[in-house]
Amino acid sequence: MQQKVLITGGTGFLGVHLARKFLQEGWRVSLVDIAPLEAKDLAKKVTVIKADVRNKKAVSQAVATATHVIHAAAALPIHRQKKIIFATNVSGTKNVLEACLEHNVKRMIFISSTAVYGIPKKVPETEETPLNPTGYYGQSKVAAEKLCREYQTKGLEVTILRPKTFLGPERLGVFALWFEAIYSGHRVFILGNGKNKYQLLAVSDISDAIYKATTSSVTNQTFNLGAKEFQTWRKDLRSIIRFDKSRAQITSLPVIPSQLILQILEFLHLSPLSAWHYKTLPVPSYVSIDKAERLLHWHPRKSNQDLLLENYLWYKQHRKAIQTRTGHTHRVSWNFKLLNLISHL
C-alpha cells in the first residue's frame, strides 16, 4: 500500500523541498496551504489543497486520506502580532493534531524551532536545555510542543523536530540583506565582532531528517537539528565574499546600541527583524545533534559554508526577479528599505 503524506505549509519553502523528497521516495504527496503552488516542477505530481490550518473543518477534510502528516505551517516572527502568530502556530497545531487523531494517522511530525530555547546561555543546547523563548514566535512553538505531548498521551505518534535556521535554493528572508550587500560590493553589517560560532542547516538535510523521522521505528521523541560543521559568522560570510571576489567588507556594529535601534524600528514596524533575530545573532548559538544522529541515524552533509554559498549563487541567478517581490515568507524578500537606506548612508 502506497503511503500518503500530507504537508501543511506545503507550498512554502520547506514544504516544496519536502514534497520533492517524498516524491523521490515513492510517496503520494498532498500539500495544504493558503498560498498557491509556484514550483512548476511539482504542478502535476502533487495534490494541492487550499486550506487554512486555523479552519478546523478544512483541516479535518484534508487529513482524512493521509497516512502521515508533516505539520510545517507556521506564522513567522515577522508577523509580529501575538494574535496572528498564536492562532496559526498554536490553534492551528491543535486542529492538525485533532484531525490526525480523528482519522487514525500513523504519525505526525511537528516542525518546531530552536527558538524555544531563547537566547543561548550555554552551548551546545541539548533537548534537555530549559525552554526560555524570546518573543511570540518562540512562545507559540513552546505552547504547540506542549499540545503535541498531550496528544502523545492520547495515542497519537508525534515526533517533534527543533531545527536551526535552514537555508537552500529558494530561501530568502533575512539573508537577502547580506547577499545583496555582497553582490553589490557594499558593507556587510554584522552585530558584534562576528567571532561567535553560529549553526545553520541545509534544507536538503532537514528534509532528510524529516523523512527519517517519518519512517523510523523511533517515535514520540524530540530532536535538535543543525549542521555538523560550522564556523563563526565572520569566517562563513568571508568565504562567500572571497569566492565571489566581491569588494564587500564585513563591518562590525556595536551590539547594545544597534539592538536598541533595531528594537525601536521593530516597534515602529519599520524593520522586519524581530528580537529573536537581533538578540541571537551576536552570541554563540548551536545545538547538539547527537540524539538525532544516534536514534534517527541522520547525519547532515552540508556545512554552513556549503549552504551559504549554494544559496548565494541561487540569489545571484534570480536576483532581478527576487527584487520585485516582498512579503512575509521565506520564499520572498522581506522589506528592508529603511535598513538598506541606513546601510548606504
Side-chain angles (χ1 to χ4, degrees), residues 14 18 68-74 76-77 89-90 93-94 96-97 100 107-167 196-230 276 279-280 283-304 307:
L14 177 58
L18 283 176
H68 297 74
V69 171
I70 299 168
H71 181 38
L76 302 176
N89 298 0
V90 183
T93 298
K94 185 173 183 179
V96 175
L97 287 164
C100 289
R107 183 174 301 171
M108 174 179 147
I109 308 297
F110 175 62
I111 311 302
S112 185
S113 167
T114 54
V116 297
Y117 300 122
I119 311 304
K121 295 180 180 179
K122 182 180 179 181
V123 289
E125 294 166 315
T126 72
E127 289 81 359
E128 305 305 318
T129 296
L131 306 185
N132 186 28
T134 298
Y136 299 138
Y137 177 75
Q139 293 167 13
S140 71
K141 288 295 187 180
V142 170
E145 284 193 12
K146 183 178 179 181
L147 286 172
C148 289
R149 286 186 283 273
E150 288 178 10
Y151 276 80
Q152 287 173 350
T153 64
K154 296 180 181 181
L156 178 65
E157 290 188 6
V158 184
T159 296
I160 299 170
L161 302 180
R162 294 172 179 166
K164 292 293 292 181
T165 298
F166 45 90
L167 277 177
N196 55 307
K197 295 185 73 174
Y198 202 101
Q199 181 184 36
L200 298 170
L201 178 63
V203 70
S204 56
D205 284 328
I206 185 179
S207 297
D208 184 49
I210 291 170
Y211 182 76
K212 287 184 182 298
T214 305
T215 57
S216 172
S217 60
V218 178
T219 188
N220 290 345
Q221 295 286 335
T222 300
F223 297 100
N224 287 334
L225 304 174
K228 184 80 171 179
E229 299 177 19
F230 51 95
W276 167 244
K279 288 186 178 181
T280 58
V283 300
S285 180
Y286 51 96
V287 298
S288 168
I289 60 172
D290 290 349
K291 185 177 178 181
E293 289 189 300
R294 177 168 43 88
L295 297 183
L296 295 180
H297 306 292
W298 171 75
H299 305 286
R301 298 179 180 180
K302 293 184 179 179
S303 66
N304 270 21
L307 62 96

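Within a 6.0 Å radius of NZ in Lys122, other residues, nucleotides and ligands contribute 12 heavy atoms or fewer. Residue-environment remark: CZ (Arg149) exceeds the threshold of 12 foreign heavy atoms within 6.0 Å.
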### Message
The test is side chain to side chain contact (heavy atoms under 4.5 Å, CB included); show your working for Asn132 and Tyr117 and say whether it passes.
### Response
CA-CA 5 Å; Asn132 186 28; Tyr117 300 122; over 6 Å; no
### side chain to side chain contact (heavy atoms under 4.5 Å, CB included) assessment of Leu200 paired with Phe230
CA-CA 8 Å; Leu200 298 170; Phe230 51 95; over 6 Å; no
### Message
Let's go through Thr129 and Lys121 carefully: what are the C-alpha distance in whole Å and the side-chain angles of both, what is the deciding distance for side-chain hydrogen bond (donor to acceptor under 3.5 Å, both in side chains) to 0.1 Å, and is it a yes or a no?
### Response
CA-CA 10 Å; Thr129 296; Lys121 295 180 180 179; over 6 Å; no
### Task
Please assess Asn304 against Tyr286 for the test side-chain hydrogen bond (donor to acceptor under 3.5 Å, both in side chains), listing each intermediate value before the final yes or no.
CA-CA 12 Å; Asn304 270 21; Tyr286 51 96; over 6 Å; no
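Across Asn224 and Ser288, no two heavy atoms sit closer than the pair CB-O, 3.3 Å. The two residues Lys141 and Ser113 have their closest heavy-atom pair at CG-CB, 4.3 Å. When all heavy atoms of Ala202 and Leu307 are compared, the closest pair comes out as N-CD2, 3.4 Å. Taking all atoms of both residues into account, the shortest heavy-atom contact from Gly226 to Ile289 is N-CG2, 3.3 Å. Closest of all the heavy-atom pairs between Glu127 and Thr222 is CG-O, 3.3 Å. When all heavy atoms of Thr219 and Glu157 are compared, the closest pair comes out as OG1-CB, 3.4 Å.
Lys94 forms no cation-pi arrangement with Tyr151, by the criterion of a distance under 6.0 Å to the ring centre and an angle within 45° of the ring axis.
Looking at Pro120 and Glu125, their side chains come closer than 4.5 Å, going by heavy atoms from C-beta outward. Side-chain contact between Phe110 and Leu147: absent, with no pair of heavy atoms (C-beta onward) separated by less than 4.5 Å. No side-chain heavy atom of Phe166 sits less than 4.5 Å from a side-chain heavy atom of Asp205. When side chains are defined from C-beta on, Ser285 does not count as touching Asn196, because their heavy atoms never get closer than 4.5 Å.
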What pairs of donor and acceptor atoms, side-chain ones from residues 209-217 against any protein atom, are under 3.5 angstrom apart with sequence neighbours left out?
residue, atom, partner, partner atom, Å
Thr214, OG1, Ile210, O, 2.7
Thr215, OG1, Tyr211, O, 2.9
Ser216, OG, Val218, N, 2.9

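We find the CG-OG1 distance between Leu201 and Thr114 to be 9.5 Å, quoted to the nearest 0.5 Å. The NZ atom of Lys228 sits 13.5 Å away from atom OG of Ser303, with the distance rounded to the nearest 0.5 Å. Rounding to the nearest 0.5 angstrom, the gap separating the CG atom in Leu97 from the NZ atom in Lys154 is 8.5 Å. Atom CZ of Arg107 and atom CG of Asn220 lie 8.0 Å apart (nearest 0.5 Å). Interatomic distance, Ile109 CD1 to His68 NE2, rounded to the nearest 0.5 Å: 8.0 Å. The CG atom of Leu225 sits 9.5 Å away from atom CD of Gln199, with the distance rounded to the nearest 0.5 Å.
Taking 4.0 Å as the cut-off between side-chain N and carboxylate O, Arg162 and Glu145 count as a salt-bridged pair.
Applying the side chain to side chain donor-acceptor pair (under 3.5 Å) rule to Asn89 yields the partners Ser140; only residues at least two apart in sequence or on another chain are considered.
No donor-acceptor pair under 3.5 Å is formed between the side chain of Gln139 and the backbone N or O of Pro133.
Looking only at atom types and distance, the side chain of Thr126 has no donor-acceptor partner in the side chain of Lys291 under 3.5 Å away.
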